[in-house]
Each structure stands twice: as C-alpha cells, then as structure tokens.
Chemist: 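This is the structure, below, for whatever I ask next.
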Amino acid sequence: MAYRTLTSHDEGAVRTLAVNRPDKLNALDLETLNELTLAFAQAAQDEAVRVVVLTGTGEKAFVAGADIAQMHDYTPLQAQSFSRVGQALMLTIERLGKPVIARVQGYALGGGMELAMACHFRIASDKAKFGQPEVNLGLIPGFGGTQRLLRLAGRSAALELCLTGRQIDATRALSLGLVNEVVEAERLDETVNALSAHLAASAPRAVAGILDAVLAGGECAIEQGLDYETQAFALCFSSEDMREGTKAFLERRKPQFKGH
Ligand code: CO8
C-alpha cells in the first residue's frame, strides 16, 4: 500500500511506520491521521507483523504536533471531528494487540507527544524534546494528552506540562516516567532494533494478553481488572506457544515460539 504522508517498511516481523512530512516537522494533518489509522489497522490484521515501530522522517522531529496551519481556520465542528479522528487513532494504537514502540529522535510536541504516549514503549534519543505547548496557541491537548499524561506521569506533571506549555528534555521525560529509555542519538536504532527483535520473538498470545490486561483492565475497578487478567491468562492455554514455553522450561532449553 502506497501512502502520501507515511513510509512503511518491514524487516522480518517488525513493521516500521514513519510520518513523512519532514519539511513540516512531520506535523499531523487530517490526511496523515487518516493514513496512520489505515496503516495501524493493516498492521493489526497482518499476522506476519508482531511489532510496530513508529517514528518520524528526519533527525529533527518525531512529530511536532497537529498541523497548526490546517487547524487555524477550523470551525468548532471541524475541530471536534479532527479531535475525534486523532483520538480514535490513538486508541487504535493503544489497543492494537501488538507492541508499538515510539522511536523519538527529536521534537515530540502537542499531538506528537500524544502520539508517542499512545504507544507502549517510548525510546528517546538524548536530543529529543517533549511538551504539550497547546496552551501557547490558546488551545488544550485534543488527542488524549490530558488523560494519557495524567495516567503515565501523574497529576503534577500533567498540570505542569499542559499549563506551562514548556518543552522538557529527554532526561526530564525519563525522570517523569514518560519515556522508557534515553540513549545517545547514535545508539537509538540499535536500541529500538534490539527491543523490537526481543518482542517479535515472544509468544504473541501472551503479548496480546498482557497488553489487554494492563491497558483495558487497568481502566476498571480492581475486581474487573483481575477478571480481565484471568480471561487473558486462560486464553494463553489455547496456544501451542504456551505448551512449548512450559515444555521448554521443563526440558531446560530455549522455547521456539511459532505464533500459534
Ligand atoms: N504544524 C504545522 N507546521 C509546523 C508545525 C506544526 N505543529 N511545527 C512546525 N511546522 C512547520 C513550520 O511552520 C515550518 O514550515 P515552513 O518552513 O513552511 O515555514 C517548518 O515546520 C519548520 O519549522 P520551524 O521553522 O518553526 O523550525 P524551528 O526549528 O525554528 O522550530 C519548533 C521548531 C520549536 C518545533 C517549532 O516548529 C514549533 O514550535 N512548532 C509548533 C509546535 C507546537 O505548537 N505543537 C503543538 C501543535 S497543537 C497540537 O498538537 C494539538 C493536538 C490536538 C489537536 C486536536 C484539535 C482539535
């Protein structure tokens, strides 16, 4: 499938999607949101894809936010629709059932930070910058930023970043729990590749169960969350990989997961 605003390439079971508007610092216009939604839906359906890496083209930006030029003339109803398209994309990513790694090499601002927060891992270069600068535009985050930042980093960080609109560097993002790891820019690809290879070799039924139990179960009362965990746990027993994983342990060898 050819995209106008994205690039997509597969290496083994890892699909890398890159927002490809480097002259606009990969800002998210409506077409990009729609193409990302399609690309993630296809990655979800394609059994050969076990892990998705999401990044931006060029060194300068992961994604510098929603496209301000496009938003400038929006009516409230267009803004509502734009926000809903963005929020649906973020939910599609979050509930993909396969791990999604944000490879953040530069600016992750506004909608870009929201996009990174919808992913399951954020690996950042030491040159990355994060922020929710919407308040500086007379706006608030509209792709789920107030909610995901609150859940990832707590109320004080969410209020600080959203109310000041300040940029923070990767080290501060790490200290807030916003990113998983910060590495030198030159080591970003090798770090992302090692993580994606590790995840791609895992049993997909178990991986999907963990994502579901943590993400869906984590939003409920503990009794319902525990029920999610029980259902996901039980479902693993339908997979050949679970028999293989436990057998390999008993036979003191490494498991060979086949994805069934
Ligand atoms: N939208 C559109 N174009 C952008 C954006 C953006 N978010 N960011 C950068 N660009 C464009 C610039 O206009 C410029 O284009 P051109 O060369 O045609 O003039 C090009 O990218 C390069 O940018 P700069 O010249 O500004 O590069 P600098 O190195 O000087 O600055 C910055 C880099 C600091 C990242 C700067 O570009 C910047 O501040 N960008 C905007 C960051 C921002 O405010 N992001 C938040 C946007 S609002 C948002 O994301 C809301 C999400 C929810 C929406 C839901 C609404 C309904």
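Residue numbers count from 1 along this sequence. All ligand and atom numbering here is 1-based and tracks the order in the structure. These numbers come from the heavy atoms of this one structure, side chains and all, not from hydrogens, waters or symmetry mates. Just so it is clear, the model here is predicted, and its values are computed rather than measured.
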Chemist: For atom 18 (O) of ligand 1, is there a protein heavy atom at a distance under 4.0 Å?
Modeler: yes
Chemist: Taking L211 as the starting point, is it possible to reach V49 by hopping between hydrophobic residues whose side chains are less than 4.5 Å apart?
Modeler: no
Chemist: So, the side chain of R15 versus the backbone of V52: is there a donor-acceptor pair under 3.5 Å, distance only?
Modeler: no
Chemist: Do the charged groups of R95 and D212 touch, with an N to O distance under 4.0 Å?
Modeler: no
Chemist: For atom 57 (C) of ligand 1, decide whether some protein heavy-atom distance is shorter than 4.0 Å.
Modeler: yes
Chemist: I want to confirm something. Looking only at heavy atoms, which of A108, A27, G145, G86 is nearest to atom 5 (C) of ligand 1?
Modeler: A27
Chemist: Right, does atom 1 (N) of ligand 1 have protein non-hydrogen atoms nearer than 4.0 Å?
Modeler: yes
Chemist: What atoms of ligand 1 come closer than 4.0 angstrom to any heavy atom of G111?
Modeler: 49 (C), 50 (O), 52 (C)
Chemist: When clusters are formed by joining ILVMFWY residues with side-chain heavy atoms under 4.5 Å apart, either directly or through shared neighbours, do L149 and V179 land in the same one?
Modeler: yes
Chemist: What I want to know is whether A79 and ligand 1 share at least one N or O pair that is separated by under 3.5 angstrom.
Modeler: no
Chemist: Below 3.5 Å, N or O to N or O, backbone or side chain included: is there any such pair between G110 and ligand 1?
Modeler: no
Chemist: Atom 53 (C) of ligand 1: which protein heavy atom is closest, and how many Å away?
Modeler: G142 N, 3.3 Å
Chemist: Among all protein heavy atoms in this structure, tell me which lies nearest to atom 14 (C) of ligand 1, with the distance rounded to 0.1 Å.
Modeler: D23 O, 4.3 Å
Chemist: Is a side-chain donor or acceptor of R151 paired with a backbone partner of Q147 at a separation under 3.5 angstrom?
Modeler: yes
Chemist: Quick test of your reading of the structure: of R21, K60, E134, Q87, whose heavy atom lies closest to atom 28 (P) of ligand 1?
Modeler: K60
Chemist: Assess the side chains of T5 and E35: does a donor N or O sit below 3.5 Å from an acceptor N or O?
Modeler: yes
Chemist: For ligand 1, which atoms, with element, lie under 4.0 Å from some heavy atom of L137?
Modeler: 44 (O), 47 (C), 48 (S)
Chemist: Quick one: do R205 and D241 satisfy side-chain contact (heavy atoms from CB on, under 4.5 Å)? Show the steps, please.
Modeler: CA-CA 8 Å; R205 183 64 260 151; D241 283 341; 5.9 Å; no
Chemist: Between H72, E114, Q80, K24, which one has a non-hydrogen atom sitting closest to atom 16 (P) of ligand 1?
Modeler: K24
Chemist: Would you say atom 23 (O) of ligand 1 touches the protein, meaning some protein heavy atom is under 4.0 Å from it?
Modeler: yes
Chemist: Using a strict 4.0 Å threshold on nitrogen-to-oxygen distance, state whether E94 and R148 make a salt bridge.
Modeler: yes
Chemist: Would a search of protein heavy atoms around atom 49 (C) of ligand 1 find one under 4.0 Å away?
Modeler: yes
Chemist: What protein heavy atom is closest to atom 46 (C) of ligand 1, reported as residue, atom name and distance in Å?
Modeler: P133 CG, 3.8 Å
Chemist: Considering only non-hydrogen protein atoms, determine which one is nearest to atom 7 (N) of ligand 1 and report residue, atom name and distance to 0.1 Å.
Modeler: A66 O, 2.9 Å
Chemist: Between R243 and E240, does at least one N-O distance fall below 4.0 Å, as a salt bridge requires?
Modeler: no
Chemist: State yes or no: are the ring centers of F82 and F143 separated by less than 6.0 Å?
Modeler: yes
Chemist: Can you pull out the closest protein heavy atom to atom 37 (O) of ligand 1? Residue, atom name and distance to 0.1 Å, please.
Modeler: L25 CD1, 3.6 Å
Chemist: Please work out which of G131, A61, A64 has its closest non-hydrogen atom nearest to atom 45 (N) of ligand 1.
Modeler: A64
Chemist: Please list, in number order, the atoms of ligand 1 under 4.0 Å from a heavy atom of D67.
Modeler: 1 (N), 2 (C)
Chemist: Is there a donor in the side chain of T57 and an acceptor in the side chain of N20, or the other way round, less than 3.5 Å apart?
Modeler: yes
Chemist: Cut-off 3.5 Å, side chains only: do T32 and D29 have a donor facing an acceptor?
Modeler: yes
Chemist: Run the numbers for me: atoms of ligand 1, each under 4.0 Å from some heavy atom of L109, listed by number.
Modeler: 35 (C), 42 (C)
